[in-house]
Q: 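Before I ask anything, let me first share the structure, which is written out below as structure tokens.
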Amino acid sequence: MERLILCGGGHVSLALAQIGALLDFEVVVLDDRSEFASRERFPMAREIYCMPFDRGLEAAGHTERDFFAILTRGHAYDKECLARILRGPWAYVGMIGSRAKVAAVMAALEAEGFSQEELSRVHSPIGLKLGGQTPAEIAVSIAAELVAERARLGAEPAPPPAERGVLLTITKKSGSAPRGPGAWMLVRPDGTAAGTIGGGAVEHQAKLDALALWNTGGGERWRTYDLSPTAAALGMVCGGKIEVEFEVRR
């Protein structure tokens with residue numbers, strides 16, 4: 001699963017964290033203020049670092065699959081974060097700010113030795129141009145850019161957790177089903193789930209099938225779900241089919 005590392009815990013970051021979690025990003029929050037970097041404020045975050053940004057970025061680390069959104073409260077912090085991020089691997093870096101502020105940060109970093117080629121890869125001002133003004137609207141524009149960039153790079157599914165339950169894995173896809181081979185969902189004995197095989201009515205039915213398999217200990221281990229308009233029983237309107245393997249983990 002790709003990480004979405006938010007440098008700054010302000011209003012835009014909070015909205016983006018909520019959307020990012022829904023989009024299956026693993027959310028990480030960095031801020032040096034305890035009131036903006038807390039579990040109460042960011043319950044959806046996997047990791048929260050309340051410390052100076054340079055130390056937070058060092059503690060979080062980064063890989064070529066990480067997505068960074070620089071949303072701090074001032075251009076000095078933006079510059080500090082961007083300089084550190086550019087020295088390591090990453091998949092996406094975006095920085096909020098007016099064109100004047102962005103230009104000032106870029107000029108300062110170029111003076112410190114960063115190349116135009118490196119700086120040109122930074123998405124700044126961050127997000128698609130949707131015309132939004134509120135924190136939530138700005139977060140939507142950033143999330144849209146994250147989705148587009150992740151699709152361009154190719155999303156990398158996270159491994160399923162090592163927990164008891166029934167693991168559902170898509171083994172084959174045809175048509176316009178939203179998820180392809182390798183996508184998984186772990187259905188726990190209490191009915192909660194991690195991961196997704198596409199959402200909607202088909203996922204709900206697959207969850208019921210998984211619970212039935214867990215409770216009875218027997219039944220089919222492979223199922224085909226028809227997502228075509230003729231699959232009225234599932235209430236689906238998109239096309240295609242998915243074949244799903246069920247693995248009971250006790």
Side-chain angles (χ1 to χ4, degrees), residues 1-31 36-37 41-49 53 56-57 60-73 77-79 81-99 101-102 105-106 118-159 178-180 182-184 194-200:
M1 181 181 293
E2 294 83 4
R3 292 195 303 173
L4 172 57
I5 302 175
L6 305 175
C7 299
H11 299 311
V12 174
S13 285
L14 178 57
L16 184 55
Q18 293 167 337
I19 299 172
L22 290 173
L23 295 173
D24 293 328
F25 283 97
E26 187 176 281
V27 177
V28 178
V29 180
L30 316 174
D31 203 294
F36 287 93
R41 183 170 174 81
F42 289 97
M44 77 297 291
R46 175 67 179 270
E47 297 173 323
I48 300 172
Y49 296 94
F53 288 107
L57 286 168
H62 48 123
T63 73
E64 66 279 354
R65 300 295 305 187
D66 287 333
F67 289 63
F68 289 88
I70 302 175
L71 310 165
T72 77
R73 60 189 182 276
Y77 297 108
D78 293 342
K79 174 179 172 293
C81 291
L82 183 56
R84 188 167 190 91
I85 293 166
L86 290 178
R87 293 189 181 101
W90 46 271
Y92 168 96
V93 178
M95 182 174 67
I96 202 169
S98 65
R99 294 192 179 278
K101 187 184 86 167
V102 169
V105 170
M106 295 301 185
E118 289 176 300
L119 298 175
S120 67
R121 295 178 59 203
V122 179
H123 296 255
S124 193
I126 194 171
L128 302 183
K129 295 180 180 179
L130 303 181
Q133 299 295 322
T134 68
E137 290 173 339
I138 295 169
V140 167
S141 72
I142 298 171
E145 188 167 78
L146 294 174
V147 169
E149 191 65 13
R150 182 169 63 177
R152 186 184 71 82
L153 296 172
E156 181 179 58
R179 294 275 174 158
W184 57 266
T196 178
I197 57 170

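Just so it is clear, the values below take in all heavy atoms, side chains as well, and ignore hydrogens, waters and symmetry mates.
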Q: By the definition side-chain contact (heavy atoms from CB on, under 4.5 Å), identify the one residue from I85, L6, I5, I126 that meets it with I70.
A: I85
Q: Going from CG on L30 to OH on Y77, what distance comes out if it is rounded to the nearest 0.5 angstrom?
A: 14.0 Å
Q: Mind checking what makes side chain to side chain donor-acceptor pair (under 3.5 Å) contact with D78, not counting sequence neighbours?
A: T72, K101
Q: Give the minimum heavy-atom separation between S13 and L71, together with the two atoms involved.
A: OG-CD1, 3.2 Å
Q: With sequence neighbours left out, write down each residue that passes side chain to side chain donor-acceptor pair (under 3.5 Å) with T63, or none if nothing qualifies.
A: none
Q: Under the rule for side-chain contact (heavy atoms from CB on, under 4.5 Å), what residues qualify as partners of S141, not counting sequence neighbours?
A: L130, I138
Q: Quick one: list whatever passes side chain to side chain donor-acceptor pair (under 3.5 Å) with R121, sequence neighbours left out.
A: none
Q: Let's go through L4 and L23 carefully: what are the C-alpha distance in whole Å and the side-chain angles of both, what is the deciding distance for side-chain contact (heavy atoms from CB on, under 4.5 Å) to 0.1 Å, and is it a yes or a no?
A: CA-CA 10 Å; L4 172 57; L23 295 173; over 6 Å; no
Q: Report yes if some heavy atom in the side chain of P135 is under 4.5 Å from a heavy atom in the side chain of L14; otherwise report no.
A: no
Q: State, to 0.1 Å, how close Q133 and E137 come at their nearest heavy-atom pair, and which atoms those are.
A: N-OE1, 2.7 Å
Q: Under the side-chain contact (heavy atoms from CB on, under 4.5 Å) criterion, do M44 and L22 qualify, and how do the steps go?
A: CA-CA 9 Å; M44 77 297 291; L22 290 173; over 6 Å; no
Q: Which residues pass the ring-ring contact (aromatic ring centres under 6.0 Å, His included) test with Y49, sequence neighbours left out?
A: none
Q: Kindly state each residue pair satisfying salt bridge (Lys or Arg N to Asp or Glu O under 4.0 Å) with at least one member in residues 18-30, sequence neighbours excluded.
A: D24-R179, E26-R46
Q: Taking the side chain from R150 and the backbone from E2, do they hold a donor-acceptor pair closer than 3.5 Å?
A: no
Q: State, to 0.1 Å, how close D66 and G61 come at their nearest heavy-atom pair, and which atoms those are.
A: OD2-O, 4.0 Å
Q: Looking only at non-hydrogen atoms, find the nearest pair between A183 and I197 and report the distance.
A: O-CG2, 4.1 Å
Q: Please report the closest heavy-atom contact between F53 and C7, naming both atoms and the distance.
A: CE2-C, 4.0 Å
Q: In this structure, are over 12 heavy atoms from other groups packed under 6.0 Å from H11 atom NE2?
A: no
Q: Within a strict 4.5 Å, meaning less than it, do heavy atoms of the I19 and L146 side chains meet?
A: no
Q: Can you name the residues that form a ring-ring contact (aromatic ring centres under 6.0 Å, His included) with F42, not counting sequence neighbours?
A: none
Q: A194: what forms a side-chain contact (heavy atoms from CB on, under 4.5 Å) with it, not counting sequence neighbours?
A: P161, W184, R188
Q: Could you give the distance from SG (C81) to NZ (K79), rounded to the nearest 0.5 Å?
A: 11.0 Å
Q: Give me the atom names and distance for the closest heavy-atom approach of G8 to V29.
A: O-CG1, 4.4 Å
Q: For a 4.5 angstrom cut-off between non-hydrogen side-chain atoms, does D31 reach R73?
A: yes
Q: Using the test salt bridge (charged side-chain N to carboxylate O under 4.0 Å, His left out), find all partners of E47 that sit at least two apart in sequence or belong to another chain.
A: R3
Q: Before giving the answer on side-chain contact (heavy atoms from CB on, under 4.5 Å), spell out for L119 and L86 the whole-Å C-alpha distance, their side-chain angles and the decisive distance to 0.1 Å.
A: CA-CA 8 Å; L119 298 175; L86 290 178; 3.8 Å; yes
Q: Please test M106 against V122 for side-chain contact (heavy atoms from CB on, under 4.5 Å), starting from the C-alpha separation and ending with a verdict.
A: CA-CA 10 Å; M106 295 301 185; V122 179; 3.8 Å; yes
Q: Give me each pair satisfying side chain to side chain donor-acceptor pair (under 3.5 Å) with a member in residues 88-99, each pair once, sequence neighbours excluded.
A: Y92-E145
Q: Once you round to the nearest 0.5 Å, how far does CD1 of I142 lie from NE2 of H123?
A: 12.0 Å
Q: For P43, what residues pass the side-chain contact (heavy atoms from CB on, under 4.5 Å) criterion, not counting sequence neighbours?
A: none
Q: Please name all residues satisfying ring-ring contact (aromatic ring centres under 6.0 Å, His included) with F36, sequence neighbours left out, ordered by chain then number.
A: none
